[in-house]
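Residue numbers start from 1 in every chain, and the chains themselves are labelled A, B, ... in the order their sequence lines are given, proteins ahead of strands.
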There are 2 protein chains.
Amino acid sequence: MPKAMPNHSGRMADETCPVCATADIICGKWTILVIRDLAAGRTRFCELERSLAGISPRTLSLRLRALEEEGMVERHSFPEVPPRVEYSLTEKGQALLPLIEDMRSYGKEWLKVCSEARASVAPVAA
Amino acid sequence: MPKAMPNHSGRMADETCPVCATADIICGKWTILVIRDLAAGRTRFCELERSLAGISPRTLSLRLRALEEEGMVERHSFPEVPPRVEYSLTEKGQALLPLIEDMRSYGKEWLKVCSEARASVAPVAA
DNA sequence: GGCCCACGCTTCAGTTGGTGAAGCATTGCG
DNA sequence: CGCAATGCTTCACCAACTGAAGCGTGGGCC
């Protein structure tokens, strides 16, 4: 009997709720950012490590594995030395890109509002 | 020097990246679902506890507090017995609703694909 | 030959976030 | 009296994420 959802583990309340389903996919701390960076095309582990400044290799490894299991990313491994592994988005993974674009536009607006708020408060405090 | 973002703690790599900013806001496990439920209007603590079946009161309390700090939700407390507290989305919080709608449509599609995959695999295995 | 580097990880011990169960304060109801 | 209801908080625990270190392999450097 196949499990309904190939997600990590700590599952949301309602398995049939689409919002929960999506939340479950992207709720890992770095998941969305991994996908964002993978959107540029095939990317190597160390490139991701660099662009996701601050991620631990363990976490990146776990995220990539989980995303692979979920069918969001594909792994292309080359038996060279030093080893080379490239990751890319599957179609399913690409489907998340519009969502990420929305997050970008929301975040942009939000950062703008925040900086305006700071600009209008700081002078008074100073 | 005021902090750029009033987010919880474990901050993302690039503070100026809009995707990170949004990810930072919604990456808490239940955050998006709290906002989803708050979208219906003023909601009490225990109502949220019920609709978010499975959330611990501690987590709900923490999420609501964090969202309040971030200016996403408003708290309306009535000094009655038993106590009554209602939560609602601020304008800033409402701005997240389109994002949630996108998550809903993505999740819907994804659940559909999953169930189709199961339907086409299960009979073979059985 | 000996040494270090690069890469894609894994292992380790420690911190943070979320969990279920229980408790607290208040007061009306039976 | 004892219990229910509400909005929490506290507790001990588990799972996720962290930084630092290690591993295996072979190539470049000296």
Side-chain angles (χ1 to χ4, degrees), chain A residues 5-14 20 23-34 37-38 42-70 73-88, chain B residues 6-14 20 23-35 37-38 42-70 73-88:
Chain A
M5 301 198 285
N7 52 13
H8 352 104
S9 58
R11 158 169 298 127
M12 291 292 175
D14 183 358
C20 299
D24 233 16
I25 296 168
I26 65 174
C27 72
K29 184 171 175 189
W30 295 93
T31 310
I32 332 176
L33 302 183
V34 171
D37 288 356
L38 248 29
R42 285 194 173 200
T43 314
R44 302 180 60 170
F45 191 91
C46 62
E47 293 179 292
L48 289 170
E49 242 178 324
R50 275 190 286 271
S51 60
L52 300 166
I55 196 174
S56 69
R58 171 183 152 80
T59 303
L60 180 53
S61 182
L62 288 173
R63 284 304 110 224
L64 286 169
R65 246 169 250 293
L67 287 169
E68 201 191 344
E69 281 228 340
E70 287 166 356
V73 320
E74 261 173 344
R75 213 183 111 101
H76 317 272
S77 167
F78 302 85
E80 305 171 354
V81 168
R84 184 156 60 100
V85 183
E86 292 177 352
Y87 297 89
S88 63
Chain B
N7 52 12
H8 354 105
S9 58
R11 155 169 303 127
M12 290 292 175
D14 182 358
C20 299
D24 233 16
I25 296 168
I26 64 174
C27 72
K29 184 168 174 189
W30 295 93
T31 311
I32 331 176
L33 302 182
V34 170
I35 292 169
D37 288 355
L38 248 29
R42 285 195 174 201
T43 314
R44 303 181 60 171
F45 190 91
C46 62
E47 292 179 292
L48 289 171
E49 243 178 324
R50 274 189 286 270
S51 60
L52 300 167
I55 196 174
S56 69
R58 168 184 152 80
T59 303
L60 180 53
S61 183
L62 288 174
R63 285 303 109 224
L64 286 169
R65 245 169 251 293
L67 286 169
E68 201 191 345
E69 281 226 342
E70 286 165 356
V73 320
E74 262 173 343
R75 215 183 109 100
H76 317 273
S77 167
F78 301 86
E80 306 171 354
V81 168
R84 182 156 62 100
V85 183
E86 292 176 351
Y87 297 88
S88 61

Of the listed C:dC7, C:dT10, D:dT18, the closest approach to the A:R65 side chain comes from C:dT10
Atom CG of A:L33 and atom C1' of D:dC17 are separated, to the nearest Å, by 14 Å
Taken to the nearest whole Å, CG/A:L64 to P/C:dC7 is 16 Å
The residue among B:L64, B:V34, B:D37 that forms side-chain contact (heavy atoms from CB on, under 4.5 Å) with B:Y87 is B:L64
Correct closest heavy-atom pair for A:R44 and A:P83 would be NH2-O, 3.6 Å
Here the distance between atom P of D:dG7 and atom CZ of B:R42, to the nearest Å, is 13 Å
Under 4.0 Å: is that the gap between some side-chain N or O of B:W30 and OP1 or OP2 of C:dT19? yes
Between A:V81 and A:L60, the residue closer to the 5' end of DNA chain D by nearest nucleotide is A:L60
Check your understanding: Do B:F45 and B:L60 come close enough that some side-chain heavy atom pair is under 4.5 Å?
Key -> yes
In whole angstroms, the gap separating P of C:dC7 from CD of A:E80 amounts to 12 Å
Would one find a side-chain N or O of B:R63 under 4.0 angstrom from OP1 or OP2 of D:dC8? no
Rounded to whole Å, CG of A:L62 lies from P of D:dG19 at a distance of 14 Å
Quick note, B:P82 side chain, CB onward, closest among D:dG7, C:dG8, D:dA5 is D:dA5
note: B:F45, atom CZ; D:dA5, atom P; distance rounded to Å ~ 16 Å
When rounded to whole Å, the CD1 to C1' distance for the pair A:I55 and D:dA16 reads 12 Å
Side-chain N,O (B:R75) to OP1/OP2 (D:dC8) below 4.0 Å:
yes
Interatomic distance, CD1@A:I32 vs CZ@A:R63, rounded to 0.5 Å, equals 11.0 Å
- Message: Under 4.0 Å, counting only non-hydrogen atoms across every strand here, what does B:R58 touch: a base, just sugar-phosphate, or nothing?
- Response: base
- Within the pair B:S77 and D:dG7, is there a side-chain N or O less than 4.0 Å away from OP1 or OP2? no
query: Closer than 4.0 Å, any side-chain N/O of B:K29 to the OP1 or OP2 of C:dT19?
result: yes
Result for 5'-nearest mapping on DNA chain C, choosing between B:P83 and A:E47, is A:E47
Check: B:T59 and B:K29 side chains under 4.5 Å, non-hydrogen atoms: no
Of the candidates C:dG8, D:dA21, D:dG7, the side chain of A:P57 sits closest to D:dA21
A:V85 has its side chain closest, among D:dA5, D:dC8, C:dC9, to C:dC9
A:E49 atom CD is separated from C:dT10 atom P, nearest whole Å, by 12 Å
In this structure, CG of A:L38 is separated from CD of A:E74 (nearest 0.5 Å) by 10.5 Å
Within the pair B:T59 and C:dG17, is there a side-chain N or O less than 4.0 Å away from OP1 or OP2? no
inquiry  = Please confirm whether the shortest side-chain N or O distance from A:R44 to OP1 or OP2 of C:dC7 is below 4.0 Å.
reply    = no
Looking at B:S56, I'd like to know whether one of its side-chain N or O atoms comes within less than 4.0 Å of OP1 or OP2 on C:dG20.
no
_Just to be sure I understand the rule, does A:Y87 reach a base, reach only the sugar-phosphate, or reach nothing, if contact means heavy atoms closer than 4.0 Å?_
sugar-phosphate
